[in-house]
Peer 1: 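Quick one: the structure is below, and I'll ask about it shortly.
None of these values were measured; they are calculated from a predicted model.
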Amino acid sequence: MLDLQEMVTFVNLHKEQPIRRQTVITCINTLKKNMADEDAVSCLVIGTESKDVYVLDPEAFTILSKMTLPSVPTLMDVTGQFDVEFRITVACRDGNIYILRRDSPKPKYCIELSSHPVGLVRIGKNVVVGCAQETLHGYTQKGKKLWTTYLPAPVTTMGLMDLPCRGFQAVLVALSNCEVDHTLIICFGRYGREDGTLIMTTKGGGLIVKILKRTAVFDERDTAPGPPLAQSIRLNVPKKTKLYVDQTMRERENAVAMHRAFQMDLSRLRLAAARAYVKALESSLTPMSASLSEPLKMNAVVQGLGPSFKLTLNIQNTAASRPVMNLAICFLYDEKLYSMRTAFFKIPLLVPGLNYPIDTFVECLSDKGISDIIKVFVLREGKSAPLLTAHINMPVSEGLALN
């Protein structure tokens, strides 16, 4: 990419330096060195963008072991000891899970998933995987499928709940149905004096800390498909009263008339809703653009008693992540009744989610105590068709009316 004159200088500057390949860390975990104690020395296990997994020495930070994967690792779970025996379970971007063992530079086992994994937790000799298709799968460490559970919402993150004092282990699964404010990272363990503490970070930038009660009781529930257990419990149904029997007889005798009356009321309700919707569209009471590429929302506020009014337009870009630019606003009004300082101006770049107030001033020229509608058009520069239209009902100028 350099010019011919700069190539020689570049080669002479870098020809003595060794060639190195820079990579990026994608996932990280720890592995006990030679003891399984809680405070024992641990090695650092790193997954990189170059499809390699490295085990680093905890003191000299040299590479103790290097293993290669068929794809880039994204999630990792480590168990065992480096000097004895260990297993590294890795979920990769190709939608597969690979299991690495000691003295094996390549994966020993491969688990093929139906969709991409979003969470990975190991419990004993089993591996629990959360997938993007709102499912939770259980596998053995050799890749044999044990069970599948269907979830009500997509999985955002997963974690291991381990209580050694009770001999209890469970899988924590955070879902995206806003029950826990879009949890991004979840961690369970000892925090201070408490053995059972759940710490979560949320999408909104919050940090949630929950402490498990020492008297908490965990109940096993059957997740097999079928009716719930409460369905088989008999209900204490009260006896039929004379009023209930009379009402039932009346409904049987007048079933056709009651159904026709219900259908008539339902049709009237639909007609009233359709008329209100058409009226709102024609009068632009709630102006919103119908363009999917440029979704806009606008409302107007008129301030003042007259003859001078302050008109504020609040414009908002309702897109998820795409900004909108090169827009302009113009006003259409009766020049015999009103005068505006600025009837046409450009709109700055609209960032999604923010409200942009735009102010202008309107002067009423009539002293007859009448008012009119001012039309607002949001246009894209170079196009005549408006993206958004609003009708503003101006109030009567009380200042001129008093004079």
Side-chain angles (χ1 to χ4, degrees), residues 264-403:
M264 180 63 70
D265 294 340
L266 181 61
S267 300
R268 291 177 179 176
L269 179 62
R270 291 175 177 174
L271 179 60
R275 287 177 177 175
Y277 180 69
V278 172
K279 183 179 179 181
L281 292 179
E282 292 178 350
S283 59
S284 299
L285 297 178
T286 56
M288 295 183 65
S289 64
S291 176
L292 297 178
S293 60
E294 296 168 336
L296 301 176
K297 181 180 179 181
M298 180 176 62
N299 58 14
V301 178
V302 181
Q303 297 175 330
L305 299 177
S308 296
F309 298 96
K310 181 181 179 181
L311 180 60
T312 303
L313 300 178
N314 297 308
I315 302 178
Q316 184 179 4
N317 179 11
T318 58
S321 59
R322 181 184 299 177
V324 179
M325 60 185 71
N326 299 327
L327 298 182
I329 290 182
C330 67
F331 297 89
L332 181 62
Y333 56 92
D334 189 355
E335 297 182 355
K336 297 180 181 179
L337 294 179
Y338 300 105
S339 174
M340 301 187 65
R341 298 183 183 180
T342 306
F344 179 85
F345 46 83
K346 296 182 179 180
I347 303 177
L349 184 140
L350 301 180
V351 178
L354 297 181
N355 186 30
Y356 290 83
I358 299 175
D359 300 331
T360 186
F361 292 90
V362 181
E363 190 78 18
C364 182
L365 306 178
S366 176
D367 58 351
K368 299 180 180 179
I370 59 176
S371 62
D372 199 3
I373 296 177
I374 295 180
K375 298 182 180 180
V376 184
F377 300 96
V378 179
L379 309 170
R380 172 169 287 280
E381 295 184 4
K383 295 184 179 180
S384 59
L387 297 174
L388 191 61
T389 305
H391 294 179
I392 303 175
N393 294 318
M394 295 297 296
V396 177
S397 176
E398 298 183 4
L400 292 178
L402 293 175
N403 293 332

Peer 1: Taking atom CE of M394 and atom CD1 of I370, what is their separation to the nearest 0.5 Å?
Peer 2: 13.0 Å
Peer 1: How close do M340 and V362 get, counting heavy atoms only, and between which atoms?
Peer 2: CE-CG2, 3.9 Å
Peer 1: With the side chain counted from C-beta on, respond yes when L313 and F331 share a heavy-atom pair under 4.5 Å apart, and no when they do not.
Peer 2: yes
Peer 1: Quick one: pull up CG in L337 and CG in D372 and give me the separation to the nearest 0.5 Å.
Peer 2: 5.5 Å
Peer 1: Just by distance, do the side chain of T342 and the backbone of F344 share a donor-acceptor pair under 3.5 Å?
Peer 2: no
Peer 1: Looking at CE of M298 and CD1 of I315, how far apart are the two atoms once the value is rounded to the nearest 0.5 Å?
Peer 2: 6.0 Å
Peer 1: I need the L332 CG to C330 SG distance, nearest 0.5 Å.
Peer 2: 7.5 Å
Peer 1: Mind checking whether L296 and V378 have side chains closer than 4.5 Å, heavy atoms only?
Peer 2: yes
Peer 1: Quick check against the 3.5 Å criterion: does S308 have a side-chain atom that pairs as donor or acceptor with the backbone of E363?
Peer 2: no
Peer 1: Any side-chain heavy atom of T389 sitting closer than 4.5 Å to one from V376?
Peer 2: no
Peer 1: Any idea which heavy atoms bring P352 and A320 closest together, and the distance?
Peer 2: CB-O, 4.0 Å
Peer 1: Which of these passes side-chain contact (heavy atoms from CB on, under 4.5 Å) with I347: L379, V324, L327?
Peer 2: L327
Peer 1: So which of N317, N314, L350 actually passes side-chain contact (heavy atoms from CB on, under 4.5 Å) with Y356?
Peer 2: L350
Peer 1: Working to the nearest 0.5 Å, report the span between OG of S371 and OH of Y338.
Peer 2: 5.0 Å
Peer 1: Search all heavy atoms of F309 against all heavy atoms of P395 and return the closest pair with its distance.
Peer 2: CE2-CG, 3.6 Å
Peer 1: Determine, step by step, whether F345 and I358 satisfy the side-chain contact (heavy atoms from CB on, under 4.5 Å) criterion, reporting the C-alpha distance in whole Å, the side-chain angles of both residues, the deciding distance to 0.1 Å, and the verdict.
Peer 2: CA-CA 10 Å; F345 46 83; I358 299 175; 3.1 Å; yes
Peer 1: If I take atom NZ from residue K297 and atom CG from residue L388, how far apart are they, to the nearest 0.5 angstrom?
Peer 2: 11.5 Å
Peer 1: Quick one: do I392 and I373 satisfy side-chain contact (heavy atoms from CB on, under 4.5 Å)? Show the steps, please.
Peer 2: CA-CA 5 Å; I392 303 175; I373 296 177; 5.7 Å; no
